[in-house]
J.: 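Got a structure here, written out as structure tokens. Questions coming.
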Amino acid sequence: MSETIFALASAPGRSGVAVIRVSGPRTGVVLDGIAGLPRPQARRAALRQFRSAQGGVIDQGLALWFEGPASFTGEDCAEFHVHGGTAVIEAMADRLAELGARPAEAGEFTRRAFQNGKMDLTEAEGLADLIDAETEGQREQALSQMTGSLRTLYEDWREQLISVLAAIEGEVDFPDEEDVPETLSETAGPPLLALSEALTAHLEDGRRGERVRDGFSIALIGEPNAGKSTLLNALARRDAAIVTDIPGTTRDVVEVRLVIAGFPVIMADTAGLRDAADQVEAEGVRRALDRAQNADLRLGVVDVSRETLPSKLLDSLTSEDALILNKVDQGAQLHVSDELGMTRFELSAKSGSGLSALEGWIEGVVRDRLSRREAPALSRARHRQAVERALEHLQAARSQLARAPELAASDVHLAIRALESLTGRIDVEDVLDRVFSQFCIGK
């Protein structure tokens with residue numbers, strides 16, 4: 001981190017104001033060289049003319065100085081607020097390079113903040129998610145994570161494990177000491193069980209955090225011409241899918257991104273479920289079944305003019321899904337047994353009759369499954385994998401506790417390391433590269 005870096009921190013393109021950030025050991029020299037002396041007071045904006053090496057004025061704007069470690073990155077930092085024209089930004093970049101700074105890589109500012117102890121890895125990921133947030137639910141989750149909710153939880157677990165480890169190793173290292181009871185390792189059993197249960201509960205949240213971040217998946221499934229595409233268009237309030245009377249019109253998955261109850265939702269129309277007439281349709285049916293299996297919620301759409309419910313559709317639904325009896329405006333009525341146990345809606349996707357009840361139910365399901373709980377949610381697959389590793393080691397430690405406390409201690413060590421990888425205490429370079437490469441330039 002000996003190099004001084006710079007980047008455009010505001011959005012690229014023509015704008016009223018652009019913000020250029022600088023961080024590193026030569027920041028003061030760069031600031032003085034481009035904005036002149038005296039240097040602005042720390043954290044106070046100063047109106048300055050920014051000059052080229054020949055003394056010509058590049059632009060007039062605001063200069064700010066943040067002396068390390070009281071800065072975002074923990075290093076000396078500066079900001080230049082200039083007019084957002086392409087020529088101004090390019091001239092400023094050229095001048096910064098002349099003064100010894102180089103363009104920053106994606107996420108390099110935040111990575112320096114992490115490496116200088118300004119934030120842990122979960123907080124850095126929360127910051128990235130906050131920048132990318134498009135819905136209110138995403139904003140709330142990202143802000144909670146950025147302000148340390150996950151770090152606090154994981155650090156608490158880590159501290160509890162360290163206490164457990166001390167008790168186990170006390171028996172392993174000092175078995176003959178009078179003040180170390182022979183049954184000392186037994187005192188580690190209850191806290192290990194409690195921690196295992198806590199990690200299990202954290203994992204069994206229906207992937208809530210990942211759904212908030214990536215989107216809640218809803219699949220529309222049913223036979224050809226049941227009205228799935230019409231229903232998708234009605235829910236999306238636009239013509240997202242082609243609608244015809246020709247069976248098999250939809251042959252691939254058609255996705256629409258919606259915001260429901262403040263959360264991102266991916267609504268998917270799928271190919272009609274039937275015995276395919278050709279290889280292309282067969283692949284569409286396979287994809288439809290795969291999407292249905294992996295969706296968070298399924299809406300089974302049935303034409304009420306049918307005499308019976310299609311068995312292939314029923315096989316794809318669960319009691320938590322909804323059965324949509326469509327085309328009620330045509331006068332037909334399909335008898336459905338109450339024994340199915342799933343929610344039913346009678347509607348006409350074409351006319352909109354009965355649609356509001358379905359929309360209200362979907363909103364309730366999304367809000368119930370994704371709304372914030374007391375405990376923070378796992379927001380990334382990386383978090384889930386680390387907690388799963390920690391839980392495996394805790395379970396192994398519990399099984400070894402009575403007969404081989406030294407092996408139990410080893411497993412507790414590994415559980416601690418798994419939790420430390422979450423917050424970045426373990427400096428695993430490939431993990432850091434993967435995390436910070438997802439950031440935008442300038443952050």
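All figures in this text were calculated on a predicted structure; none of them were measured in a lab. Throughout, residue positions are numbered sequentially from 1 according to the sequence presented.
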J.: Between the side chains of K228 and D269, is the shortest nitrogen-to-carboxylate-oxygen separation below 4.0 Å, so that they form an ion pair?
T.: no
J.: Any carboxylate oxygen within less than 4.0 angstrom of a Lys/Arg side-chain nitrogen, looking at E125 and R382?
T.: yes
J.: Is R211 paired with D205 through a side-chain N to carboxylate O contact shorter than 4.0 Å?
T.: no
J.: Looking at D129 and R380, is any side-chain nitrogen of the basic one under 4.0 Å from a carboxylate oxygen of the acidic one?
T.: yes
J.: Mind checking whether D76 and S71 have side chains closer than 4.5 Å, heavy atoms only?
T.: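 In short, these two side chains do not touch, never coming nearer than 4.5 Å.
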J.: Does a salt bridge link E359 with R237, judged by any charged N lying under 4.0 Å from a carboxylate O?
T.: yes
J.: How long is the span from the CZ atom in F263 to the CD atom in E136, to the nearest 0.5 Å?
T.: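 If I round to the nearest 0.5 Å, the distance is 9.0 Å.
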J.: Taking 4.0 angstrom as the limit, do E223 and K312 come out as a salt bridge?
T.: no
J.: Is it true that R286 and E283 have a side-chain N and a carboxylate O under 4.0 angstrom from each other?
T.: yes
J.: Filter on salt bridge (Lys or Arg N to Asp or Glu O under 4.0 Å), then keep only pairs touching residues 82-91, sequence neighbours left out; what's left?
T.: none
J.: Could you pull out all residues at least two apart from T152 that satisfy side-chain hydrogen bond (donor to acceptor under 3.5 Å, both in side chains)?
T.: none
J.: Can a cation-pi geometry be assigned to R21 and F80, taking NZ or CZ under 6.0 Å from the six-membered ring centre and within 45° of the ring axis?
T.: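 No, R21 and F80 do not form such a contact.
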